[in-house]
2 protein chains.
Amino acid sequence: MDENCTVYRTMEYISKRWSMLILLELFKGQDGNKRYSELKADLPGITPKVLSGRLKELEAEGLIRKKVDMSSFPVRSDYQLTPAGFALIDVVKDLKNWALTWKIDNEACKRMDCARCRL
Amino acid sequence: MDENCTVYRTMEYISKRWSMLILLELFKGQDGNKRYSELKADLPGITPKVLSGRLKELEAEGLIRKKVDMSSFPVRSDYQLTPAGFALIDVVKDLKNWALTWKIDNEACKRMDCARCRL
DNA sequence: CGGTATCCTTTCGGATACTG
DNA sequence: CAGTATCCGAAAGGATACCG
């Protein structure tokens, strides 16, 4: 495929399962911040392997930042949205608005702030 | 997963390989319109199985419309973006703009209208 | 707590051949 | 031309156990 196409390349990490949901969960945390264990708890069904894999990818893409507090025991890891990550959430909001405009089966989501995405 | 979440459900078809690229190819056609064989030619690497599968999904989602001309032989099939499909292209544009703002390795795409997405 | 390692299953997509 | 049918391999993901 066309490796140089911005849209195509952006689709690459947009499209991976869990990736956007992880960003959304971080967004719901204080200052776009959550711990590994919180993410795990808030994303029912995700396995540790997949979660840690996605976190690495997202960090490599510059969408999140990892901060480890070595002074505490056990070690405490925090993940936080970067400005780029926050900006991507805005696009997800547009996507949600698109869905609410053009898909008719989202009445529940229209009535209230959806508990999951809270956008 | 949460089947009722608008964002989650939207991600479902955003995220499938080729789906957005098919929409982009249609967008590049006259009035958001292209034939099956054109799509196949314009999406190098896609197999007939995958293409026909994606087209069915996109039609079921109301993003494209299929029009068959039975009077001609061989049968001629046209696929066209619906208003919902066109609206989704706008979100893809936002996505592209996000990428161009936050990812530094897209200078070629910045300089010109990318030949592939033409957004 | 925050992961990694291993195994195993399933799904998806690619290749190809064929048909109305 | 516009697909469908069949087969196959790679890769992703789930379950589980374990470690610093």
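Lettering of chains follows the sequences in order, A, B, ..., and the numbering in each one begins at 1.
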Outer limits of DNA chain C sitting under 4.0 Å from a non-hydrogen atom of chain A, read 5' to 3', are dC1(C) to dC7(C)
In whole angstroms, the gap separating P of dG3(D) from CG of D69(B) amounts to 13 Å
- How far apart are the C-alpha atoms of M20(A) and L23(A), what are their side-chain angles, what is the distance that settles it, and do they pass the side chain to side chain contact (heavy atoms under 4.5 Å, CB included) test? CA-CA 5 Å; M20(A) 290 300 107; L23(A) 294 183; 3.6 Å; yes
| Given side chains that start at C-beta, do those of L95(B) and L88(A) come closer than 4.5 Å, heavy atoms only? | yes
- Message: Taking 4.0 Å as the cut-off, does a side-chain nitrogen or oxygen of R17(A) come that near to OP1 or OP2 on dG14(D)?
- Response: yes
> Phosphate oxygens OP1/OP2 of dC1(D): is one of them under 4.0 Å from a side-chain N or O of S72(B)?
Replying inline: no
Can I get a per-line list of side-chain donor-acceptor pairs under 3.5 Å for residues 63-71 of chain B, giving both atom names and the distance, sequence neighbours left out?
{"from": "D69(B)", "atom 1": "OD1", "to": "S71(B)", "atom 2": "N", "distance (Å)": "3.0"}
{"from": "D69(B)", "atom 1": "OD1", "to": "S71(B)", "atom 2": "OG", "distance (Å)": "2.6"}

key: Side-chain heavy-atom pair V91(B), I14(B) within 4.5 angstrom cut-off   = no
In whole angstroms, the gap separating P of dG3(D) from CG of D78(B) amounts to 10 Å
Separation of dG20(D) atom P from M70(A) atom CE, nearest Å, is 14 Å
Between NZ of K40(B) and P of dC1(D) the distance, given in whole Å, is 10 Å
Query - K56(A) bridged to E59(A) by N-O distance under 4.0 Å - result: no
request  = Considering just the side-chain nitrogens and oxygens of S77(B), establish if one lies under 4.0 Å of OP1 or OP2 belonging to dA2(D).
outcome  = no
To the nearest 0.5 Å, atom CG of D42(A) lies from atom NZ of K28(A) at 6.5 Å
From CH2 of W18(A) across to C1' of dG14(D) the rounded distance in Å is 11 Å
Check: Taking side chain as C-beta onward, heavy atoms only, is K93(A) less than 4.5 Å from K96(A)?
Finding: no
Checking all strands, does K66(A) fall into the base, sugar-phosphate, or nothing category for heavy-atom contacts under 4.0 angstrom? sugar-phosphate
What residues 50-58 of chain A contributes to the DNA chain D interface at heavy-atom separation below 4.0 Å is V50(A), R54(A)
Check your understanding: What nucleic acid atoms does K49(B) come within less than 4.0 Å of, heavy atoms only: base, sugar-phosphate, or nothing?
Key -> base
* Mutual orientation of the aromatic rings belonging to F86(A) and F27(A) [parallel < 30°, tilted 30-60°, perpendicular > 60°] -> perpendicular
Determine whether L39(A) and L55(A) satisfy the following criterion, side chain to side chain contact (heavy atoms under 4.5 Å, CB included), listing intermediate values before the conclusion. CA-CA 10 Å; L39(A) 287 172; L55(A) 289 170; 3.9 Å; yes
| request: Considering just the side-chain nitrogens and oxygens of R35(B), establish if one lies under 4.0 Å of OP1 or OP2 belonging to dC1(D). | output: no
